[in-house]
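All chains are named by letter (A, B, ...) in the order of the sequence lines, taking the proteins before the strands, and each is independently numbered beginning at 1.
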Amino acid sequence: MNPEIRVRFAPSPTGYLHIGGARTALFNWLFARHHGGKFVLRIEDTDRTRNTEEAAEAIYEGLQWLGLDWDEGPRAGGDFGPYLQSQRTDIYERYLKQLQDGGHIFEDAGALRFRSPREHVVVDDLVCGKIDFDLTNPGTHPDMTIRRPDGSWIFHFVNVIDDIEMKISHVIRGEDHLSNTPKHIELYRALGATTPHFAHIPLILNRDGSKMSKRDEGARVTTYMEQGYAAEAVRNYLCLLGWSPKDNREKIDIDEVIRLFELEKINRRNAAFDLDKCFWLNGQYIAQMSVDRFVELTRPFLEKANIDVPDKGYLRAALAIVKEKVKLLSDVPEWTRYFFTEQYEFDPAAVEKVFGKPEATERLIALRDEFAKIENWTVEEIESSLKTLAQKLGCKTGDLVHPARVAVSGRSVGPSLYHMLEVMGKERVLARFDRMIAQLGAK
RNA sequence: GGCGCGUUCGUCUAGUGGUUAGGACACAGCCCUCUCAAGGCUGGUGCACGGGUUCGACUCCCGUACGCGCUGCCA
């Protein structure tokens with residue numbers, strides 16, 4: 001559609017992907033996809049004191065998890081590589097030479113600085129509008145350093161060089177860079193390069209309005225991966241932070257976001273990350289996703305919990321009925337363990353509450369006998385059998401449901417009892433009833 | 001301190017020079033119900049403050065306050 005549109009996400013490898021960085025990457029990605037342009041990933045690892053390899057890995061994982069595929073960059077290749085700044089020193093040397101030849105560079109205590117032209121610079125930002133910066137005073141806007149005495153490069157310089165070299169058309173980044181932008185523009189001009197369009201997006205803050213740092217809950221994308229969020233839910237939530245479809249939709253398909261996304265519609269105010277709402281949206285996604293996807297997303301969590309499931313059909317049936325109940329994928333093991341083992345635990349409080357009264361045991365025995373007569377072990381048959389018995393005994397449906405639930409699951413909460421029983425199968429249910437009855441009788 | 005950006009329910013947001021200021025999350029209550037959820041219904045809380053401009057401002061302008069960012073040989 002528009003190959004001239006080229007954007008990039010340029011994180012420095014810190015060992016994890018920050019949720020704010022993820023949102024920046026997302027907006028870049030949305031812009032690229034909306035226009036049919038290219039989304040470039042570039043790793044800004046100029047700071048030699050930090051590790052790069054493993055740290056960059058966390059960024060790749062996070063982006064991949066969120067489905068933000070990059071067209072060019074590490075592992076994807078591209079015509080403008082290498083995409084790690086640590087491998088681009090020759091390029092920087094070349095541009096440094098150009099600046100030196102133009103008389104823009106001077107040395108200061110071994111470091112190299114760029115001499116500011118000392119003018120007003122107007123930043124025409126797609127989100128923030130036209131902003132006039134007065135750079136005439138060296139006292140308030142010192143000449144920026146572009147290379148340290150040890151030869152390593154400073155962000156402002158290499159960032160601009162790479163954006164020129166990689167033909168970046170739109171620089172979409174956090175608002176924390178807005179005040180740096182006029183300095184960057186001075187560099188573009190000194191090099192005779194065309195400045196890209198800029199779009200500075202608002203920052204993500206904590207619920208209390210404070211800046212989100214790596215120690216804050218929810219600051220790392222890995223947290224969401226580990227806690228069992230569906231990537232599409234987190235991505236959807238992120239879309240709604242600073243951007244809106246403007247029609248009250250909350251759960252919105254990513255293709256629809258791509259279609260509607262425009263930089264001009266981005267808010268200018270910082271947004272607080274509301275984990276409650278992200279959690280809610282996650283529940284919506286889980287409830288509405290296909291059983292197949294749910295099974296797929298759940299697998300690693302079941303494995304981690306050492307739940308062995310040889311029968312795929314049985315697994316699928318069990319997961320299908322807990323899907324609407326679960327809010328986090330990491331909750332699934334506890335919600336389903338009793339389906340797959342006879343060694344499930346009994347919640348003492350649930351047992352006490354339900355079997356505290358003596359009638360409960362008699363009712364469970366009566367229910368066992370009724371269930372034994374069922375030929376077609378289906379939800380309908382189970383339900384009508386139970387309800388008929390309740391009527392006969394003159395008790396409430398719940399008086400039979402609760403004992404049965406505790407007997408087969410050890411818990412007082414769970415999915416619809418009838419569906420649970422159907423999935424477990426007649427044989428297993430009767431066996432569990434018998435065991436419960438025996439235990440109660442032994443007391 | 002200087003410079004920049006921002007300010008609609010607690011939070012994310014919609015919105016218009018004249019609206020009962022809308023939605024969502026969260027919260028409370030009710031309904032439904034085999035539990036827990038879900039779902040349905042109801043409820044409360046909001047245009048930061050002060051000046052202008054205007055017949056009229058939440059909406060436009062100025063100021064103040066507050067918040068955030070930048071002001072590094074961090075990115």
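- For the P atom pair drawn from B/C62 and B/G6, the interatomic distance equals 12 Å after rounding to whole Å.
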Classify every nucleotide of nucleotides 35-49 of chain B by which part a protein heavy atom approaches to under 4.0 Å, writing B for the base, S for the sugar-phosphate alone and - for neither, in 5'-to-3' order.
BBB-S----------
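- Here the separation of B/A21 from B/U45, taken at their P atoms, is 12 Å to the nearest Å.
- Backbone-only contact: A/F133 has heavy atoms under 4.0 Å from sugar-phosphate atoms and none from a base.
- In this structure, A/N180 reaches the bases: a heavy-atom distance under 4.0 Å links it to at least one base atom across the strands shown.
- On the P atoms, B/C74 is 15 Å away from B/C70, given to the nearest whole Å.
- Residue A/H200 is out of contact with every strand shown, counting any heavy-atom pair closer than 4.0 Å.
- In this structure, the side chains of A/M420 and A/Y338 come closer than 4.5 Å at one or more pairs of heavy atoms.
- Look at B/A57: it lacks any Watson-Crick or wobble partner with both distances under 3.5 angstrom.
- Rounded to the nearest Å, the gap between the C1' atom of B/U8 and that of B/U19 is 14 Å.
- At distances below 3.5 Å, not a single donor-acceptor pair connects side-chain atoms of A/D347 with backbone N or O atoms of A/R411.
- Evaluation of the side chain to side chain contact (heavy atoms under 4.5 Å, CB included) rule for A/D247 yields A/P245, A/R249 as partners, not counting sequence neighbours.
- Within 4.0 Å of A/H141, counting heavy atoms only, lies no atom of the nucleic acid at all.
- With the nearest nucleotide of RNA chain B identified for both A/L205 and A/K277, A/K277 has the one nearer the 5' end.
- Distance alone, capped at 3.5 Å, is enough to place a donor-acceptor pair between the A/H34 side chain and the A/I258 backbone.
- With hydrogens and angles ignored, no donor-acceptor pair under 3.5 angstrom links the side chain of A/N270 to the base of B/G6.
- Under the salt bridge (charged side-chain N to carboxylate O under 4.0 Å, His left out) criterion, the residue pairs touching residues 321-336 of chain A are A/E334-A/R337, with sequence neighbours excluded.
- Geometrically, A/R432 does not engage A/F371 in a cation-pi contact, judged by NZ or CZ lying under 6.0 Å from the ring centre and within 45° of the ring axis.
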